[in-house]
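Note that the numbering runs from 1 along the sequence shown for the chain.
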Amino acid sequence: DRLIEMRENFLPVLEKAGVDLVLSGHSHVYERSYLIDCHYGESDSLKPSMFVDKRVGRDTPYRKPSGLIPHAGTVYSVVGSSSYADKGPLDHPVMAVAKRELGSLLVDVVGNTLTARFITPKGEVLDEYRIVKDATVKRQRECR
């Protein structure tokens, strides 16, 4: 499958570089993952060890080490519903939030904090999360 091949070849490069957030389209929905690492296959290949932080990221932000630390976790967001919301499935176990709603993602970066908000055309915030780079966090993992 071309999608798995893309994930197996491209995502390890991003994760090794310490990327915090990956934005994509394709599906006409809004989906946002937990902070994860090393998941490249089908949904049934997901292991508990691939969740770096399984909190939702709203009230308590995702915390990552300062700098570009390999395999400290990445949030993946599908933002494909700015003009059309599809009826596709919203059941992938890696996703913390999944919405079949029109909207756009606003991303603000101030200092060491990234704040993302999924906002509807009426201005309603349907999802909000933060990623904070914190010098006190020590995390470096390897894919298993």
- Non-hydrogen side-chain atoms of Asn9 and Tyr40 separated by less than 4.5 Å: no
- Task: In sequence, state the C-alpha distance, the side-chain angles, and the governing distance for Asp53 and Arg63, and then conclude on side chain to side chain contact (heavy atoms under 4.5 Å, CB included).
- Result: CA-CA 9 Å; Asp53 190 339; Arg63 300 190 98 63; 5.9 Å; no
Residues 107-114 side chain polar contacts: donor-acceptor under 3.5 Å, at least two apart:
residue, atom, partner, partner atom, Å
Asp108, OD2, Arg117, NH1, 3.3
Asn112, ND2, Lys133, O, 2.7

- Heavy-atom pair of closest approach, residues Ile36 and Val52: C-CG2, 4.0 Å
- Note on the structure: What one should report as the nearest heavy-atom pair of Ala135 and Ser66 is N-OG, 3.1 Å
- Item | Thr74 side chain vs Glu15 backbone, donor-acceptor pair below 3.5 Å | no
- Going by heavy atoms in the side chains, are Val22 and Leu14 under 4.5 Å from each other? yes
- Begin with the C-alpha distance, continue with both residues' side-chain angles, and end with the deciding distance and a verdict on side chain to side chain contact (heavy atoms under 4.5 Å, CB included) for Arg32 and Val75. CA-CA 7 Å; Arg32 192 249 307 165; Val75 172; 3.7 Å; yes
- Query: Cluster question for you: counting only ILVMFWY and a side-chain heavy-atom cut-off of under 4.5 Å, with indirect links fine, are Tyr62 and Val132 together?
  - Reply: no
- Query: Okay, side chain of Lys64, backbone of Gly73: is any donor-acceptor separation there less than 3.5 Å?
  - Reply: yes
- Message: Could you list the cluster mates of Leu68? Members are the ILVMFWY residues connected by side-chain heavy atoms closer than 4.5 Å, either directly or through other members.
- Response: none
- Message: Do Lys99 and Asp127 make a side-chain contact, defined as non-hydrogen atoms from C-beta onward lying under 4.5 Å apart?
- Response: no
- In one Ile/Leu/Val/Met/Phe/Trp/Tyr side-chain cluster, 4.5 Å: Tyr30, Val125: no
- Message: Quick one: does any side-chain atom of Ser27 pair with a main-chain N or O of Val29 as donor and acceptor, under 3.5 Å?
- Response: no
- Query: Are any non-hydrogen side-chain atoms of Leu90 and Met95 less than 4.5 angstrom apart?
  - Reply: no
- Is there side-chain contact between Pro65 and Val137, with heavy atoms separated by less than 4.5 Å? yes
- Any link between Leu126 and Ile119 through a network of hydrophobic side chains (Ile, Leu, Val, Met, Phe, Trp, Tyr) touching at under 4.5 Å? no
- Query: Are any of the side-chain heavy atoms of Tyr76 and Leu11 separated by less than 4.5 Å?
  - Reply: yes
- Task: May I ask whether Met50 and Phe10 are part of the same hydrophobic cluster, defined by side-chain heavy atoms of I, L, V, M, F, W, Y residues being less than 4.5 angstrom apart, directly or through others?
- Result: yes
- Do Ser77 side-chain atoms and Glu31 backbone N/O form a donor-acceptor pair below 3.5 Å? yes
- Task: Please name the pair of heavy atoms, one in Leu23 and one in Leu105, separated by the smallest distance, quoted to 0.1 Å.
- Result: CD2-CD2, 3.5 Å
